[in-house]
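In what follows, a single structure is set out as structure tokens and then discussed.
All values below were derived from every heavy atom in this structure, side-chain atoms included, with hydrogens, water molecules and symmetry-related copies excluded. The chain is numbered in sequence order, starting from 1. Order of listing sets the numbers, starting from 1, for every ligand and every atom in it.
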Amino acid sequence: MSSPDSSSQAEGNAAAELAELRASVDSIDSALLHVLAVRFDITRQVSELKAKHSLPASDPQREAEHLNELRALATASGLEPSVLDPVFSLIYGRVVRSHQDVASSHQFDASLVAQSLDNRKTPSLRRS
Ligand SMILES: O=C(O)C(=O)C[C@]1(C(=O)O)C=C[C@@H](O)C=C1
């Protein structure tokens with residue numbers, strides 16, 4: 001049987017090992033966050049491009065094809081491919097919403113410009 005001393009030492013070792021593993025998890029999460037921020041920065045440019053050219057916000061075929069490529073990559077990296085589905089469904093959902101928001105604000109801007117051009121055409125009512 002282990003003495004109280006050796007079991008508290010084992011607990012201390014486990015706590016130290018857990019802290020070390022958590023530090024690794026934390027740095028990986030920071031890297032993930034950074035990569036995600038860069039991805040959203042690029043898809044923000046896609047939002048602008050799609051809004052400017054009135055392209056559809058969502059492209060299910062591109063999503064399906066890309067997800068298939070990623071599934072193959074996941075398998076090759078020893079990852080269970082199904083973990084990708086909820087992650088990418090969330091990412092695509094967010095991106096499509098951003099595309100829609102940017103498209104609406106472009107439409108709003110365009111209608112304000114049209115309105116102000118229209119107002120300029122309307123003869124002003126002058127009092128005689
Ligand atoms: O590639 C596009 O057309 C995008 O809008 C980007 C993106 C993505 O986040 O990867 C987002 C939405 C589309 O449905 C497909 C892909």
So if you build clusters from Ile, Leu, Val, Met, Phe, Trp, Tyr with side-chain heavy-atom gaps below 4.5 Å, do L73 and I91 land together? yes

Relative to the heavy atoms of V46, which atoms of ligand 1 are at a distance of less than 4.0 Å? 4 (C), 5 (O)

Any side-chain heavy-atom pair of E17 and N13 under 4.5 Å: no

Shortest heavy-atom approach to atom 10 (O) of ligand 1 - which of H99, Q61, R62, R39: R39

Y92: numbered ligand 1 atoms lying under 4.0 Å from its heavy atoms: 8 (C), 9 (O), 10 (O)

Indicate yes or no: at least one non-hydrogen side-chain atom of F40 is less than 4.5 angstrom from one of R94. yes

Assess I91 for proximity to ligand 1: is some non-hydrogen atom of it under 4.0 Å away? no

At under 4.0 Å between heavy atoms, is it the side chain or the backbone of K50 that contacts ligand 1, or both, or neither? side chain

To check your reading of the model: name the closest protein heavy atom to atom 15 (C) of ligand 1, its residue, and the distance in Å. E63 CG, 3.6 Å

Is a donor on one side and an acceptor on the other found under 3.5 Å between the side chain of S54 and the backbone of K50? no

I want to check something: taking the side chain as every heavy atom from C-beta on, are D59 and H66 in contact at a cut-off of under 4.5 Å? no

Side-chain contact test, heavy atoms from C-beta onward, threshold under 4.5 Å: evaluate it for E48 versus R44 and give yes or no. yes

Closest non-hydrogen protein atom to atom 11 (C) of ligand 1, residue and atom name please, with distance? V95 CG1, 3.5 Å

Atom indices of ligand 1 within 4.0 angstrom of S58 heavy atoms, with elements: 14 (O)

For D59, is at least one N or O under 3.5 Å away from an N or O on ligand 1? yes

Rounded to the nearest 0.5 Å, what's the gap from CG on L36 to CG on D41? Could you check? 11.5 Å

